J.: 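Below you will find the structure I want to go over with you.
Remember, predicted model here, so these are calculated numbers, not experimental data. Lettering of chains follows the sequences in order, A, B, ..., and the numbering in each one begins at 1.
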2 protein chains.
Amino acid sequence: MNTTPGMPIASVERETGLSKDTLRVWERRYGFPTPERDANGERVYASAQVRRLAQIKRLMDRGHRPGKLMTLDEAALLALDEARSTAWASPDDLQLDAWLNLVKTHDSEALQQAFYREMAKRGMARFVQDIVAPLIARVGEAWSRNELGIFEEHLFSQHLEKLFRTTLANMAPQTGHPRVLLTTLSGEEHTLGLLMVEALLVVEDAYPVLLGPQTPIDEIVRAAQIKAVDAVCLSFSTAYSPALAAQGLRDLRQRLPADTQLWAGGYGVKPIRKAIDGVCLVPEFQDLFDCLARWRSEPGGKTVN
Amino acid sequence: MNTTPGMPIASVERETGLSKDTLRVWERRYGFPTPERDANGERVYASAQVRRLAQIKRLMDRGHRPGKLMTLDEAALLALDEARSTAWASPDDLQLDAWLNLVKTHDSEALQQAFYREMAKRGMARFVQDIVAPLIARVGEAWSRNELGIFEEHLFSQHLEKLFRTTLANMAPQTGHPRVLLTTLSGEEHTLGLLMVEALLVVEDAYPVLLGPQTPIDEIVRAAQIKAVDAVCLSFSTAYSPALAAQGLRDLRQRLPADTQLWAGGYGVKPIRKAIDGVCLVPEFQDLFDCLARWRSEPGGKTVN
DNA sequence: CGTCATTATTGTCTTGGACAAATAGTTGAC
DNA sequence: GTCAACTATTTGTCCAAGACAATAATGACG
């Protein structure tokens, strides 16, 4: 029996990354979503609507506004999804499509081998920028289009995690500058971004200190002092609310010593338009090298205001 | 003169893990916390109260109830923090104390080397059961007693993750029976338990499929079918509500094919008294070997596709 | 001492209103 | 035509007080 019982609002919040408040206010303003009610009068969302909400969230992270998206039908939303895929055509696109297919068909061994081969061929920096980052975006898009499920996405993530962990273990740096603390704020649980940054920093002779995800702000401050790092680098995925990210960065910047730099990277910082004082926004991996170069050009690593 | 002007409710939610709703209802019911208001009438929490909220949250995770905790003063809370769970001494206890001290003093290199040495000495199975699992419990206790911070706990977890990932990568099994899917339910984000189980399964010639944490139930079912596993193994940490775990296990058992076994492990299943039909509870690692042996002795277990 | 029914506790959901930050649209000066 | 400043709209988050179901604690009874 494949009955679709529907989910409560808390599950929808977890699945889509849209807050309960947002879900309720959308229903009030736009007339979408239209959840049923259970015996207790609480919202019960049909799974088709949850999928659509996730798709809308993806499109919003790309810059579209909810007011416009709500008026569109299924076909129009799908057209918007397709639009960008074709727009960003690059020489590597065919290869990425082939790999996306390996993900869809759960061909774990072929995928793993292809990863190692391509990393050896291009070197770490280009591998991360040209292959891994776009492929992660592709997988996310495919997920939002319901072309693959959470299962495939998790398996894909596990392969990448394994790849980076083993590669990094073999590179094992015990020295280098600057020393960079890698973590995320509470609520951001994606680790892959941190691993990619760690790999890039290691090949650039920096010394990353990987702390894992979800560290409260005052613990980040304490860790930065104890580990004597020159910079703190945070990662934000698309799911993280830009407003929360900006607030967290301001909080952290205030408590962190002035001579400790603060970098913020990942797709989640792209929607942040307004620059935050004393925070270096790193929306693309390329910008990470700029941050690194800027630190190295400064006298003694001291920040000059 | 307070250097920290205070934080909005969203930041407190992020820092403490208490929902906005909970924070507001506590204020209404118990008269704590007592945030100031800004010009717009929105709550502004003093950092001292945020620290106290975090402390209360820790005590609640250990089983205390908020209604009692709210009436206590600073000293009484600290007394509860210090209160120790009954620890029975074992020959390895001194060694565990020494290692806990390495965690407290952030001596990463010494800890890592001690781990590898001890694993080589005892073998994987005994290393996991006698050293890693008790040490994780120790670290959890020390954290709840405020003897070490989230920073130290994160660093400790990262070392263990690195250890297991690299060891597992080198063992890299491509075959073996039974095939076991490893994951957690949504809401349980701890991965270390899964990695330990994976290591034990590999040395026992089973074939684990690591899916990572937080897979929705219907995706677990789909993954089990596609990967043609003989069993699904879930992990629950102490933080996970036993009632939620039991409910999730019943739901999953109902949707999973009858010939696919369901194992549930971790400290989180210990409080589950009532056996669940068709679910094998694995509170200790030793019980995992029993499950494995039982599968292998069953007539259906020997059939290889 | 265990088992069942009752009572207390506690987190989450509800509604509808309000407002500030961000974005879009408009006007005017150069 | 370009850029700046001003106004209008959009949009996410916060607030209040009430309600209820799930969990834990308590008491009654065999």
Side-chain angles (χ1 to χ4, degrees), chain A residues 6-14 16-32 35-45 53 56-57 59-71 187 239-248 250 270-276, chain B residues 7-14 16-33 35-45 53 56-57 59-71 187 239-248 271-274:
Chain A
M7 359 171 122
I9 195 170
S11 301
V12 180
E13 176 182 41
R14 180 172 45 72
T16 64
L18 298 164
S19 77
K20 298 185 188 74
D21 274 326
T22 300
L23 288 168
R24 282 192 279 257
V25 86
W26 280 7
E27 183 182 339
R28 202 197 315 169
R29 285 196 187 131
Y30 310 120
F32 184 87
E36 302 292 317
R37 299 300 178 117
D38 66 3
N40 188 31
E42 299 186 355
R43 292 172 174 80
V44 177
Y45 292 83
L53 286 168
I56 287 174
K57 177 65 163 39
L59 289 167
M60 280 174 53
D61 291 338
R62 198 181 299 175
H64 293 89
R65 308 204 68 184
K68 309 286 177 184
L69 295 173
M70 296 298 172
T71 66
Y240 208 83
S241 149
L244 272 182
Q247 182 63 49
R250 273 190 294 267
K270 283 188 179 176
I272 299 179
R273 314 262 167 169
K274 199 173 163 187
I276 304 169
Chain B
M7 26 169 101
I9 195 171
S11 298
V12 180
E13 176 182 42
R14 172 166 45 73
T16 65
L18 298 164
S19 78
K20 298 186 187 77
D21 273 326
T22 300
L23 288 167
R24 282 192 280 256
V25 87
W26 279 7
E27 183 181 339
R28 202 196 318 169
R29 284 195 188 134
Y30 310 119
F32 183 87
E36 303 290 319
R37 299 299 177 121
D38 65 2
N40 187 31
E42 299 187 355
R43 291 170 174 80
V44 178
Y45 291 83
L53 285 169
I56 289 173
K57 176 64 161 42
L59 289 168
M60 281 175 52
D61 290 341
R62 283 167 58 181
H64 293 89
R65 308 206 68 186
K68 310 284 179 186
L69 295 173
M70 296 298 173
T71 67
Y240 208 85
S241 151
L244 270 183
Q247 184 60 46
I272 299 179
R273 310 239 168 183
K274 198 175 168 185

J.: Please state how far atom CG in A:Leu53 lies from atom P in D:dG12, giving the value in whole angstrom units.
T.: 12 Å
J.: I'd like to know if the side chain of A:Ser11 reaches the main chain of A:Met7, judged simply by a donor and an acceptor atom lying under 3.5 Å from each other, with no hydrogens or angles considered.
T.: no
J.: Roughly how many Å is it from CG in B:Leu69 to P in D:dA24, rounded to a whole number?
T.: 15 Å
J.: Can you tell me how far C1' of D:dT11 sits from NZ of A:Lys57, to the nearest Å?
T.: 14 Å
J.: Counting C-beta onward and ignoring hydrogens, is there a side-chain heavy-atom pair between A:Leu53 and A:Leu23 closer than 4.5 Å?
T.: yes
J.: Taking the side chain as every heavy atom from C-beta outward, state whether B:Met60 and B:Pro66 have any pair of such atoms under 4.5 Å apart.
T.: yes
J.: Could you measure the distance from the OH atom of A:Tyr30 to the CG atom of A:Leu69? Nearest 0.5 Å is fine.
T.: 9.5 Å
J.: Please answer whether the main-chain N or O of B:Asn40 pairs with a side-chain N or O of B:Asp38 as donor and acceptor at a distance below 3.5 Å.
T.: yes
J.: Please produce a list of atom pairs where a protein N or O lies less than 3.5 Å from an N or O of nucleotides 11-15 of chain C.
T.:
residue, atom, partner, partner atom, Å
C:dG11, OP2, B:Trp26, NE1, 2.6
C:dG11, N7, B:Arg29, NH1, 3.1
C:dG11, O6, B:Arg29, NH2, 2.7
C:dT12, OP2, B:Ser19, OG, 3.2
C:dT12, OP2, B:Thr22, OG1, 3.0
C:dC13, OP2, A:Lys20, NZ, 3.4
C:dT14, OP1, A:Arg43, N, 2.7
C:dT14, OP1, A:Arg43, NH1, 3.0
C:dT14, OP2, A:Arg24, NH1, 2.7
C:dT14, OP2, A:Arg43, NH1, 3.1
C:dT14, O5', A:Arg43, NH1, 3.1
C:dT15, OP1, A:Arg37, NH1, 3.3
C:dT15, OP1, A:Arg37, NH2, 3.2
C:dT15, OP2, A:Arg43, NH1, 3.0
C:dT15, OP2, A:Arg43, NH2, 2.6

J.: So how far is it from B:Lys20 NZ to B:Arg14 CZ, rounded to the nearest 0.5 Å?
T.: 10.5 Å
J.: Between A:Arg43 and A:Glu27, does any NZ, NE, NH1 or NH2 come within less than 4.0 Å of an OD or OE carboxylate oxygen?
T.: yes
J.: So for the helix from C:dC1-D:dG30 to C:dC30-D:dG1, with five pairs setting each end axis, what is the inter-axis angle to 10°?
T.: 30°
J.: Using modelled atom types and a 3.5 Å cut-off, is there a donor and acceptor pairing between side-chain atoms of A:Thr22 and backbone atoms of A:Leu18?
T.: no
J.: Could you tell me how far apart A:Lys68 (NZ) and D:dT11 (P) are, to the nearest whole angstrom?
T.: 8 Å
